[in-house]
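Here the structure is laid out as structure tokens; the discussion comes afterwards.
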Amino acid sequence: MSLRVRFAPSPTGALHIGGARTALYNWLLARGHDGTLVLRIEDTDRERSTPENVDQILDALRWLNIDFDEGPIFQSERAPRHAEALDQLLAGGHAYRSTATADDVRAYKDRHGDDRGFRGDAESAGAVRLRVPDGGETIVHDVIRGETRFPNANLDDPVIARADGSVLYNFAVAIDDLDAGITHVVRGEDHLSNTPKQLLVLEALGADAPRYAHLPLLHGPDGRKLSKRHGAASVQELRDGGYLPEAVDNYIALLGAGFAADEEFFSLPELAERFRLERVSKNPAVFDEHKLRHLNGRHLRELGTAELTDRLERFTGRTGLRGAVEIAAEKIQTLADFWPLVSFLFDGPVDDPAAFDKTIGPDGGVSALTAARQALAETEPFDVSGVEGALRGVVERTETKPGKVFQPVRVAVAGQTVSPGIFETVALLGKDETLARIDAALARARDQP
RNA sequence: GCCGCUAUCGUCCAGGGGACUAGGACGCCGCCCUCUCACGGCGGAAACCCGGGUUCGAAUCCCGGUAGCGGUACCA
């Protein structure tokens, strides 16, 4: 069977994480079945769907390595076809014009009962409503949820076009899916109750319906709709937060994919291979940045030094980072963690008086540092093992704990109590720079007793 | 209000009539490794929403309740 799947974002600028997951699932479905993936843009909301916002959505999708085989198809450009389909329904008596307002619908329900769907009378002007049968039911066959039945009696005759002739979403999307030969519609659960309307449109046109699958929604840690209050709600924010597209794809795929629980570290091809639409969970999921960070760390280390250096240089806007990457890679979980950890290598020790006082100030830090300085001055060659031998020698000779020597040195060269391994750090800085920094720290300790 | 969806550790998943003393991962706690922070290793605490029913047997099937969520636009 040849699958045709489509993803249809509403381009409001930010690609919501839930939207990204929907896009990914569509992609995984298509890639896993040799199917075709179509991008359709719901761009008729003029206020939000600016060309800039469309570009941002496209960028975010590209960043996630989600590529499309066809499209984008813009809903706004399909207006002539929508008008034609509308005329067809009007002519066939499947739709009618009505001037009924929301208040009229309300009044109708007050008369007939809250659960009774609105039915209007055909008029010569007004918006176009689809005529919903009075009896029977419209059944949504959902790949994930099974059958959901909507009795036609409680469905309102939906407005499918405004009085000015412009069509509404539930009509347009049904026509576009039909024309594009879409076989699978995978989208958020918030569309489940729209589905009977779309099914009714298709039915009135005498067309077959695609297969539907409605994905559970994504929530923030407080159980509410994911928003910026939760840290990151969009793919763009994740990217700026130093996450890797590989990790984001991996993580959002996990939220509901229903894979066996034995392993959860996957590449995109591995995800496509395992993805089964029918396995997708029905429960809403909570987005947990902790787990994303964990996965990100693993993907980060999987990259290898060369690739990681490249990404880090693009992220920080710096160059010549390779040496720092080699010694810091195992200590970071996101690209954003990198610079605070190693900036001292390039920009000099950071200024942290508390760290200085604690390790070099009052107690015996000065004498240990002085001894370390002397040993390092005589170290040749000045490489990792040479530095290690020198510093460990000081520890032995002074019969103290390693930390009593290493921490003062760390603070002297880095200015902070946390850094990559001290031998690697000192070796990378080189003898001259290291000694200069130690001398500066020693001088500072003398000046402020 | 009405229509609909959902319900297993704090979180994400697994288990879908007996293999459940309910499994894995993140997080948390402890220990080990250790120059800091991490990484890694080992161990621990931690869940079947409630009530009925079906059945020899229910986390699993059915019904009800409750809760959460979604929809209820001449938005998408």
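By convention in this document, chain letters (A, B, ...) are assigned in the order of the sequence lines, proteins followed by strands, and residues within each chain are numbered from 1. Atoms considered below: every heavy atom in the structure, side chains included; atoms not considered: hydrogens, waters and symmetry mates.
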Kindly assign one of parallel, tilted or perpendicular to the pair A:F68 and A:F7, based on the angle between their ring planes and the thresholds 30° and 60°.
parallel

Looking at A:E237 and A:A233, would you say the former's side chain and the latter's main chain have a donor-acceptor pair under 3.5 Å?
yes

Is there a donor-acceptor pair closer than 3.5 Å between any side-chain N or O of A:D337 and the backbone N or O of A:T334?
yes

Students often get this wrong, so: under 4.0 angstrom with heavy atoms, is [X] touching a base, only sugar-phosphate, or nothing?
X	result
A:P216	nothing
A:Q75	sugar-phosphate
A:T12	nothing
A:Q407	sugar-phosphate
A:T148	sugar-phosphate
A:R293	nothing
A:I422	base
A:G256	sugar-phosphate
A:A285	sugar-phosphate
A:E264	base

Between [N] and [M], how far apart are the two [atom1] atoms, rounded to whole Å?
N	M	atom1	value
B:C62	B:U54	P	15 Å
B:G30	B:A67	C1'	36 Å
B:G23	B:C5	C1'	28 Å
B:G65	B:G1	P	14 Å
B:G43	B:C26	P	14 Å
B:A47	B:G10	P	7 Å
B:C3	B:C20	P	43 Å
B:C61	B:U8	P	13 Å

Per [X] side chain, nearest of listed nucleotides [options]:
X	options	answer
A:A127	B:U6, B:A76, B:C74	B:C74
A:D114	B:G4, B:C35, B:C2	B:C2
A:N170	B:A76, B:U6, B:C26	B:A76
A:V286	B:G4, B:U11, B:U36	B:U11
A:D190	B:G70, B:C13, B:U36	B:G70
A:D115	B:A76, B:C3, B:G27	B:C3
A:R410	B:U36, B:C74, B:A25	B:U36
A:F423	B:G27, B:C35, B:A76	B:C35
A:V418	B:C37, B:G4, B:C26	B:C37

For a quick test of reading the model: is some side-chain N or O of [X] closer than 4.0 Å to OP1 or OP2 of [N]?
X	N	value
A:S193	B:G4	no
A:N283	B:U6	no
A:R301	B:C39	no
A:R279	B:G15	yes
A:R162	B:C75	yes
A:H294	B:C26	yes

Qualifying residues under ring-ring contact (aromatic ring centres under 6.0 Å, His included), relative to A:H82, sequence neighbours excluded
none

In this structure, are over 12 heavy atoms from other groups packed under 6.0 Å from A:E433 atom CD?
yes

Run the salt-bridge test on A:R149 and A:E137 with the 4.0 Å N-O cut-off and return the result as yes or no.
yes

Lys/Arg-Asp/Glu bridge criterion (N-O < 4.0 Å) met for A:D142, A:R211:
no

Is it the case that B:C37 (base atoms only) and A:K331 (side chain only) share a donor and an acceptor within less than 3.5 Å, ignoring hydrogens and angles?
yes

Looking at A:H290, A:R301, A:R293, which hits side chain to side chain donor-acceptor pair (under 3.5 Å) with A:Q333?
A:R293

Measure from NZ or CZ of A:R311 to the centre of the six-membered ring of A:F315 and say whether it is under 6.0 Å with the direction within 45° of the ring axis.
no

Closest to the 5' end of RNA chain B, once A:R106 and A:S98 are matched to their nearest nucleotides, is A:R106

Which residue, A:Y251 or A:F406, contacts RNA chain B at a nucleotide closer to its 5' end, judged by nearest heavy atom?
A:Y251

Tell me the stems RNA chain B sits in, counting at least three consecutive Watson-Crick or G-U wobble pairs, each under 3.5 Å on both distances.
B:1-7 with B:66-72, B:10-13 with B:23-26, B:28-32 with B:40-44, B:49-53 with B:61-65

Determine if A:H191 stacks with B:A76; use a centre-to-centre distance below 5.5 Å and an interplanar angle below 30° as the criteria.
yes

Considering all heavy atoms, the nearest A:A372-A:V394 contact
CA-CG2, 4.0 Å

